[in-house]
Structures are given as C-alpha cells and as structure tokens.
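Start at 1 with the first residue, then count along the sequence. Whatever order the structure lists ligands and atoms in, that order sets their numbers, starting from 1.
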Amino acid sequence: MKLLVTGGCGFIGTNFIRLMLGKHPDWSIVNLDKLTYAGNRLNLADLERDEPRYRFIQGDIGDRELIMDLLADDAVDAVVNFAAESHVDRSIDDPSPFLTTNVLGAQNLFECARQRRVGRFVHISTDEVYGTLGPDGRFTEATPLAPNSPYSASKAGADLMARAYFETYGFPVIVTRCSNNYGPYQFPEKLIPLMYLAATADRPLPVYGDGLNVRDWIYVDDHCLGVELALLKGREGQAYNFGGDAEETNLAVVKTLLAILDKPESLITFVGDRPGHDRRYAMDYSLAARDLGFAPSLDFATGLSRTIDWYTANAKWLEQVQSGEYQRFMESWYEARS
Ligand code: NAD
Ligand code: DAU
C-alpha cells in the first residue's frame, strides 16, 4: 500500500506513521506536513533514513498544484488526512486559520484525490462535531452535528463536504470521529501534557470552570489502529465513531496526574471557563466494533502512566517544541483567564 498521510508531524499523525511502518513492511508513506507550530519534523527524523518507505514533504494541503503532483500517476493508493488546526482555545482566539485548513484545505484534498481517482480516502474528524451531551447518553453516528466552537464547526464543515463528495461524485471517503487522544508526542497546549509541564515545574495547574467537564479518553495507538481498520475495511461514505470507554472529569484527570507525579493537589487553580465549553463527550462506537472489529485496548490508568513515563524520558522533546510562538499564545490566553 502506498499512502499519502497529511499532518504526519503532529501528535496523532506521528504515532500513526510509526505504528503503520512498524506493522506493514510492504507499505510506504509520503508524509505531507506544513510544519505549523504544532508540527515537528524531528518526531520522525529517524525514519528519513528509510527512504523510499518513508518520505517527508513540507507543504500545505491547500496547495492544489502540489497535491495534484503528489497524487499523479497512481503514486498513491490511499490518502489519510490528519492535517488540521486542532486546538479549541486557539480557534476561539482566531478562527480564520481553522477555516482555511480544516475546511478549504480538506476540500482541496478531496477535489485533487477525486480528479486523480485515488481509490480510498480516510478523513480524520472528531467527536466534537456532535456538540455537547447532558449527564446521560452517548453520541452515535446518527446524532445530528451541532458544533459549538470555531474548531468543531470547521471540522463539521469538512465532514459535510466529505458526505457531499460521496453522494455527488461517489468519492470513496470514510470519516472517522474519535474522542480525546492522549499519549507520546502530544503538543503541550492540550490538557495532559500542559498539566504535566506545570506540575513538574511546581506551577499552578489551570483548570477551566468547575473542572467537571467530561472527556472520553483514548490512548493514541488505539485511535491509530481504528484508523487502520477504517482504511482497510471501512464502508465508503460511512462515518465511524471511536471512543476509549474512559469518561473522566478534567478534575479527576488532573488529580490522577498529580498523584502519579507525587505532587500536591494544592497546585490546582480554577480559572475562567473556556467560552462555549462543551460539558460532556461520550462515544458509542458499536458500529465500528461491528463493521471493523474496533475496540480500545488500554485502560486510562495504564495509558496515563505510560504517557507520563514517555514525557519524563523525553524532556528534551518537550523543551524543543516550546517555541517563542508557543510562549506568546500561552501567556496571552492564560493571562486573560486568571
Ligand atoms: P496536531 O495539532 O498535533 O497536528 C496537526 C498537524 O497538521 C501538524 O503537524 C501541523 O503542522 C499539520 N498541519 C496543519 N495545517 C496544515 C496544512 N494546512 N497543511 C499541511 N499540514 C498541516 O493535531 P492532532 O492532535 O495530531 O490531530 C490530528 C487530527 O486528528 C486532526 O484532524 C484533529 O482534528 C483530529 N482529532 C484529534 C483528536 C485529539 O484528541 N488530538 C481527537 C479526535 C480527532
Ligand atoms: O474530543 C476530541 C478533541 O479533543 C479533538 O478534536 C481536539 O483536536 C483536541 O484538542 C481535544 O479537544 P479538547 O478541547 O477536549 O482538548 P483540550 O486538551 O484542549 O481540553 C481537554 C479538557 O480540559 C477540556 O474540557 C478543557 C479542559 N482544559 C484544557 C486546558 C488546555 C482545562 O481545564 N485547562 C486547560 O488549560
């Protein structure tokens, strides 16, 4: 299988490429990534010695000429699109790049892949397109899309475009919607690595609102295995939910993390809430279980300990990714909430 993976220098893309090249000796992957603040080429630098099995290209999914070139002459059997602006808080600060990449960039990829007659396209979406839940129930694929943040609205926009491409052109697209991932290489703007950094530096841990918002956590490898299943077995035109069966309040996550690191709960600081903050996500993934054989394998306590061990062993990576741009956003965002 010859794959074009986009956004492979980000958190999930990095884990996906490592896992797939490890599992499938006969696969080759071209990784196209723009290298935004969230993309780090060094994540996969060791694989660059393995050309032609792995090749990195810096570029934008919105660049029509580049994508048409990459997909020319049956160069690619399938596309897996991870590339996105992915942080909800940044989308509140400035929605524009979210529309450019997550909607227009995705549509450009669909269009180029359609024109080049690519046989399969997996588009990575998110549980956030469904909006928010009350205390009971889970999202199914039949739940109406009701996004509440500029990020989730942009992801929902691409999901609807994927649907339209399937219905209108018979475009062979499969959409995956997963819950909150955690694990190695996650950028430290997201809850778990951000709190790890604060706790290990004995700085306050900024919990939004009352800390009782619930997320359904899944270890990143379990998500990546779901994407592989969707690629190999998914029904064209179908969206599949993936979840981790691990609903936790943010406060519980932060307390568990502090306990593992042997740090005091007095570091927890409640700060102003995220505007439009979804209260609860939970995924019903029975369709993916039935159609694809998907099931998450790692429980949250084991996955969190494994993740913390990775961050502890990779302090240099964490230091490297905290660029000037990262510092600027963090300072202005958290200053406004204190
Ligand atoms: P990330 O922010 O860590 O990585 C995104 C990557 O995309 C980066 O390497 C970045 O450089 C690249 N990129 C951004 N704009 C690009 C463009 N225009 N052209 C090419 N590359 C570009 O994100 P992530 O957490 O790895 O998420 C990957 C995908 O999975 C996203 O589509 C996200 O919506 C989805 N998702 C994430 C989660 C989660 O919990 N992290 C859960 C469900 C779905
Ligand atoms: O659900 C899937 C989504 O999960 C993905 O589509 C997104 O790309 C990914 O970023 C993630 O979105 P969340 O908004 O759920 O993740 P985040 O890590 O930003 O926040 C998790 C929860 O923790 C959320 O309820 C907000 C809260 N939080 C977050 C930060 C950064 C805090 O309380 N304090 C913080 O400083």
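Less than 4.0 angstrom separates some heavy atom of D127 from each of these atoms of ligand 2: 1 (O), 2 (C). Shown in contact with T36 at under 4.0 Å from a heavy atom are these atoms of ligand 1, numbered in order with element: 10 (C), 11 (O), 14 (C), 15 (N). Each of the atoms 33 (O) of ligand 2 lies under 4.0 Å from some heavy atom of V207. Here is the list of ligand 1 atoms found below 4.0 Å of a heavy atom in D60: 17 (C), 18 (N), 19 (N). Interface of V88 with ligand 2, defined as ligand atoms under 4.0 Å from a residue heavy atom, comprises 14 (O). Taking every non-hydrogen atom of K190 and a distance limit under 4.0 Å, the qualifying atoms of ligand 2 come out as 10 (O), 18 (O). Atoms of ligand 2 found under 4.0 Å from any heavy atom of H87, numbered from 1 in the order shown, are 19 (O). Every atom of ligand 1 with a heavy atom of G59 under 4.0 Å away is listed here by number and element: 19 (N), 20 (C). The contact set between ligand 1 and S179, taken as ligand atoms under 4.0 Å from a residue heavy atom, comprises 42 (C), 43 (C). In the vicinity of A84, heavy-atom distances shorter than 4.0 Å reach the ligand 1 atoms 5 (C), 7 (O), 14 (C), 31 (C), 32 (O). Of all atoms in ligand 1, numbered sequentially from 1 with element shown, those under 4.0 Å from a heavy atom of L35 are 11 (O). Below 4.0 Å from some heavy atom of K155 lie the following atoms of ligand 1, by number and element: 31 (C), 32 (O), 33 (C), 34 (O). Counting the atoms of ligand 1 from 1 in the order shown, those under 4.0 Å from a heavy atom of A83 are 7 (O), 20 (C), 21 (N), 22 (C).
Using modelled atom types, one finds no donor on one side chain facing an acceptor on the other under 3.5 Å when comparing T6 with K34. In summary, the side chains of N31 and Y54 do present a donor paired with an acceptor at a separation below 3.5 Å, with no hydrogens or angles considered.
In this structure, the protein non-hydrogen atom closest to atom 40 (O) of ligand 1 is N181 N, 2.9 Å. Closest to atom 3 (O) of ligand 1, if we only count protein heavy atoms, is F11 N, 3.0 Å. The protein non-hydrogen atom at the shortest distance from atom 19 (O) of ligand 2 is R274 NH2, 2.9 Å. Looking only at heavy atoms of the protein, atom 30 (O) of ligand 1 is closest to I124 CG2, 3.5 Å. Taking atom 16 (C) of ligand 1 as the reference point, the nearest protein heavy-atom neighbour is K34 CB, 3.8 Å.
For the pair N250 (side chain) and G211 (backbone), a donor-acceptor distance under 3.5 Å is absent. Not one N or O on the side chain of D63 forms a donor-acceptor pair closer than 3.5 Å with the backbone of G59.
Judged by a 6.0 Å distance limit and a 45° cone about the ring axis, R306 is positioned over the six-membered ring of Y219. For the pair R90 and F98, the cation-pi test (distance below 6.0 Å, angle within 45°) is failed.
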Report task. Take Y326 and F187 through the ring-ring contact (aromatic ring centres under 6.0 Å, His included) test and state the conclusion after the steps. Result -> CA-CA 10 Å; Y326 169 84; F187 194 76; 5.4 Å; yes
Report task. Decide salt bridge (charged side-chain N to carboxylate O under 4.0 Å, His left out) for R18 and D46; before the verdict, give the C-alpha distance in whole Å, the side-chain angles of both, and the deciding distance to 0.1 Å. Result -> CA-CA 10 Å; R18 285 201 173 283; D46 54 315; 2.6 Å; yes
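Residue S86 places at least one N or O, backbone or side chain, under 3.5 Å from an N or O of ligand 1. Residue-to-ligand polar distances keep M195 apart from ligand 2: every N/O pair is separated by 3.5 Å or more. Among the atoms of S86, some N or O lies under 3.5 angstrom from an N or O of ligand 2. Taking distance alone, with nitrogen or oxygen atoms compared against 3.5 Å, K190 stays at or beyond that limit from ligand 1. For the pair H277 and ligand 2, the shortest N or O to N or O distance falls below 3.5 Å. The distance criterion of under 3.5 Å between nitrogen or oxygen atoms is met by N180 with respect to ligand 2. Considering backbone and side-chain atoms together, I12 places an N or O closer than 3.5 Å to an N or O of ligand 1. The distance criterion of under 3.5 Å between nitrogen or oxygen atoms is met by Y334 with respect to ligand 2. Inclusion of G10 in the set of residues having an N or O under 3.5 Å from an N or O of ligand 1 is warranted. Taking distance alone, with nitrogen or oxygen atoms compared against 3.5 Å, D33 approaches ligand 1 more closely than that limit.
Using 4.0 Å as the threshold, C178 has a heavy atom nearer than that to some atom of ligand 1. Proximity of S125 to ligand 1 is established by a heavy-atom distance of less than 4.0 Å. Within the structure, ligand 1 lacks T6 among the residues with a heavy atom less than 4.0 angstrom away.
Applying the 6.0 Å contact sphere to CG of D202 captures more than 12 heavy atoms from other residues, nucleotides or ligands. No more than 12 heavy atoms of other residues, nucleotides or ligands shown are found within 6.0 angstrom of CD on E319. Within 6.0 Å of atom CD in E167, more than 12 heavy atoms from other residues, nucleotides or ligands are found, so the atom counts as buried in its surroundings.
The side chain of L194, and not its backbone, has at least one atom closer than 4.0 Å to an atom of ligand 2 (non-hydrogen atoms only; side chain from C-beta on). Contacts between I61 and ligand 1 below 4.0 angstrom, taking non-hydrogen atoms only, involve backbone and side chain alike. When heavy-atom distances to ligand 1 are checked against a 4.0 Å cut-off, H87 has no atom that comes that close, whether in backbone or side chain. The backbone and the side chain of L191 each have at least one atom closer than 4.0 Å to an atom of ligand 2 (non-hydrogen atoms only).
The six-membered or imidazole ring of F300 lies near that of Y182, with a centre-to-centre distance under 6.0 Å. Aromatic rings of Y165 and F121 (six-membered ring for Trp) have centroids beyond the 6.0 Å cut-off, not under it.
Evaluated for a ring pair (Phe, Tyr, Trp, His ring centres under 6.0 Å) with H123, the options F171, F110, Y240, F82 yield exactly one hit, F110. Among Y311, W310, F16, the one residue that satisfies the ring pair (Phe, Tyr, Trp, His ring centres under 6.0 Å) test with Y185 is W310.
The nearest non-hydrogen atom to atom 27 (C) of ligand 2, considering only N250, V129, N213, I192, comes from N250. Closest heavy-atom approach to atom 3 (C) of ligand 2 among the candidates E128, E189, R279: E128. Of the candidates F187, Y151, F11, F270, Y151 brings a heavy atom nearest to atom 6 (O) of ligand 2. Summarising the contacts of atom 34 (O) of ligand 1 with F98, Y151, F82, the nearest heavy atom is found in Y151.
A salt bridge links R274 with D89; the closest basic N to acidic carboxylate O contact falls under 4.0 Å. The existence of a salt bridge linking D210 and R279 is confirmed by a sub-4.0 Å separation between a basic side-chain nitrogen and an acidic carboxylate oxygen. A salt bridge does not link R177 with E141: none of the charged nitrogens is closer than 4.0 Å to a carboxylate oxygen.
Within the 4.5 Å cutoff, no side-chain heavy atoms of R41 are placed close to those of D33. Residues R235 and L287 have side chains in contact (heavy-atom distance under 4.5 Å, counting atoms from C-beta outward).
The CD1 atom of I268 lies 5.5 Å from the NZ atom of K255; values are rounded to the nearest 0.5 Å.
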